[in-house]
Amino acid sequence: MQGTVESQGTAIAVDHAHEHPDFRVLGLLVFLISESLMFGGLFAAYLLLRGMNEQWPPEGTEVELLVPTINTLILISSSFVIHYGDVAIKKDDVRGMRKWYWLTAAMGAVFLGGQVYEYLTLGYGLRTNVFANCFYVMTGFHGLHVFIGILLILGVIWRSRRPGHYSAHRHTGVTMAEIYWHFVDVIWIILFTLLYILTRF
Amino acid sequence: MAQAQLPLDTPLSLPEHPKAWKWYDYFTFNVDHKVIGIQYLVTAFIFYLIGGLMAVAMRTELATADSDFLDPNLYNAFLTNHGTIMIFLWVVPAAIGGFGNYLVPLMIGARDMAFPRLNALAFWLNPPAGALLLASFLFGGAQAGWTSYPPLSTITATTAQSMWILAIVLVGTSSILGSVNFIVTIWKMKVPSMRWNQLPLFCWAMLATSLLALVSTPVLAAGLILLLFDINFGTSFYKPDAGGNVVIYQHLFWFYSHPAVYLMILPIFGIMSEVIPVHARKPIFGYQAIAYSSLAICCVGLFVWVHHMFTSGTPPWMRMFFTISTLIVAVPTGVKIFSWVATLWGGKIRLNSAMLFAIGLLSMFVLGGLSGVTLGTAPVDIHVHDTYYVVAHFHYVLFGGSVFGLYAGIYHWFPKMTGRLLDERLGILHFVLTFIGTNLTFLPMHELGLKGMPRRVAMYDPQFEPVNLICTIGAFVLAFSIIPFLINIIWSWNRGKVAGDNPWGGLSLEWATSSPPPIENWEVLPVVTKGPYDYGIERRQESTDEDRDEEE
Ligand code: HEM
Ligand SMILES: [Cu+2]
């Protein structure tokens, strides 16, 4: 037998019957590798299309920069804000955590609002040309992720109502929401570079 | 004793775990990895039967040169769904979801997977995916083949095609969630006494498979989402007349679907590495070579996808690069084959059904691998691309390589899963019929392909008729081969000889618990003292009382 099943006396130390180790953070990180590759696929398609078309973006498509830049600044700062929340919970400061998480959620909402505003005012729609196709699908897809991130944050806030649900020693949910938020942020930085900045060159 | 460690505020009488699951537990959202494994296996097998019926219908059509049995659109719909079901709803879920879930926690001495509820969720994404595919027949059925290349896929049967896309995205999600679970489980949940070089080879294979699925599946999802937009929302990612490009789809698709062949074959290789040493009663030859070659296949496999696109206007330098990298993957694969043959060499071989299927796999996989190497070289591929040579090749690999392996696994672990042995005479009959049927069906296809019979058509030049008839007869033999198998499974599950905990004398951990294993797998967690393949190797200094424990 590869393993000998030892007599009960010696085995108590290794008996994990009722212990459920928590690997959720690790699981999330592994999952995010996968998520980034999905965005990676979209980025690759975008770059290939860009390389194959003479003019990018095509004639008549003006890429507006003002609103998205403000939006980008908001999203990037929200990553710092949420981090303060995480710091707070590690000091057992649930109220502080709630405050920072509310603020992050609000900033995310403003970001989404900005995106909707942009969609409504841009001179082109989803079907105008391949660039517009990419633009809407990629930003829309990212927007969906921001939305999920906000839901996660609100979920954390909801759960933190119960006293003692999160503490300096128990904050896996809080940390996971933060990690996800940073991820959404990093993806946005790449998106912003590809869709907005690179079109200037 | 475990209760003594619980905090005081838990009620004194803990609800007793039931000892075993009842039949109806298998129809519920159950989080036990063993239930989930069997759910995967049974569901996948049902899809195998459905996909098999489609194949038989296609072969009946192809028995004669003209199209007189199936309407051409229906032929295309069968063709598309046959390929899709066989890959995405049979081989992948059975090998990874079925055997992976059932065996990995048992083999590493864990009580369950790292994320049991995620695991159940991943399984329950599969039935709706299958239902979507079957329901697509109400809308004419997707027509564009399992690869669904645009522009064909964007202009034919658009509703059915969208259902097809959603189905693939569902199974893709399932396989990503499953991979996360396997990676974390194997990485973190081994019993503390198990060193990495004592990890059974099946687990190494599952680790490599999961890494591969984790990085390649989402890229397919991205490609399919763009396709969905092209079909339904008027975008033009893949429409050349509006600035799009079809080759982009091919890149995204093959970045997944080439590794997909390793997704199917790596767990099967893992099964082989367990079945062969146990039934040859010898230590496996080259444990490390097999373990590392899985990882090597996983890495190199990600860089060869363009060999499916040699005829898509690929520039010569790319052809060169991808021809070479394709040939390189043959090396770690060859290493494995060599190790198994060396393990068999001089072993006290027990020629039972599991072993027969394993040896059958070896022989057929070598043939399929060789034709694969010829296809990997751009000049040959350009000659036989889209002929039956390709069909012959991938059926040797998929049928000979994957289905045989799944059968070997079923014969090998059925006693562990059910506590009963399968009937050997029926098993051998099943093997003989399958082996004859497979070769009769697919061997002549090499010739058809070299002579230029195109694939994916319901009608063909009459000169090919005699050879096609042989293929069709073979397909019917294959269809009949299922019957002894089904009888065997159903009868033995209820009435078979009681197996005992370890009927084959296996050394890996799953044989150390009872058959079927209790709900949390172990009364007491096992302690690893030996490698999983140390047959007949004397331990040198250990005390003898442990040995006496083993005799009992
Ligand atoms: C019951 C035995 C089987 C028979 C008789 C059979 C027969 C066929 C036939 C006639 C085709 C159509 C070829 C063409 O027109 O291009 C086909 C395609 C295919 N088969 Fe099978 N097959 C069988 C089992 C399997 C299995 C077990 C798998 C995978 C695990 C599989 C995977 C595929 C794939 C991927 C295609 C290509 C579909 C496409 O080109 O879109 N088949 N098969
Ligand atoms: Cu390939």
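Letters go in sequence order (proteins before strands), and every chain restarts at 1.
Using a 4.5 Å cut-off between heavy atoms, Y249(B) makes no contact with chain A at all. Contacts of L214(B) with chain A are made by both backbone and side-chain atoms, with heavy-atom separations under 4.5 Å. Only the side chain of I225(B) comes within less than 4.5 Å of a heavy atom of chain A; its backbone N, CA, C and O stay farther away. Heavy atoms of F141(A) lying under 4.5 Å from chain B belong exclusively to its side chain. The part of L177(B) that comes within reach of chain A is its side chain, from C-beta onward, which places non-hydrogen atoms under 4.5 angstrom from that chain. Looking at F229(B), the atoms closer than 4.5 Å to chain A (heavy atoms on both sides) all sit in the side chain, from C-beta outward. Interface residue L49(A): backbone and side-chain heavy atoms are both found under 4.5 Å from chain B.
Taking each heavy atom of M113(B) and P105(B) in turn, the nearest pair found is SD-CG, 3.6 Å.
W504(B) does not carry K416(B) over the face of its six-membered ring by the limits of under 6.0 Å from the centre and within 45° of the normal.
Between F255(B) and H251(B), the distance separating the two ring centers is not shorter than 6.0 angstrom. The aromatic ring centroids of W181(A) and Y101(A) lie 6.0 Å or more from each other. Side-chain rings of Y119(A) and Y136(A) approach one another, their centers coming within less than 6.0 Å.
Expressed to the nearest 0.5 Å, how far CD1 of I231(B) lies from CD1 of I165(B) amounts to 4.0 Å.
Side-chain atoms of H142(A) and Q115(A) form no donor-acceptor pair, as typed in the model, at a separation below 3.5 Å.
Contacts with chain B were tallied for T128(A), N133(A), L28(A), L26(A); N133(A) has the most, counting heavy-atom pairs under 4.5 Å. For the options T235(B), V219(B), N521(B), heavy-atom pairs under 4.5 Å to chain A are most numerous at T235(B). Between chain B and the options A44(A), G40(A), C134(A), the largest number of non-hydrogen pairs under 4.5 Å is found for C134(A). If you tally non-hydrogen atom pairs under 4.5 Å between each of L220(B), V180(B), L226(B), L118(B) and chain A, the highest count goes to V180(B).
With contacts defined as side-chain heavy-atom distances shorter than 4.5 Å, the pair Y46(A)/W56(A) qualifies.
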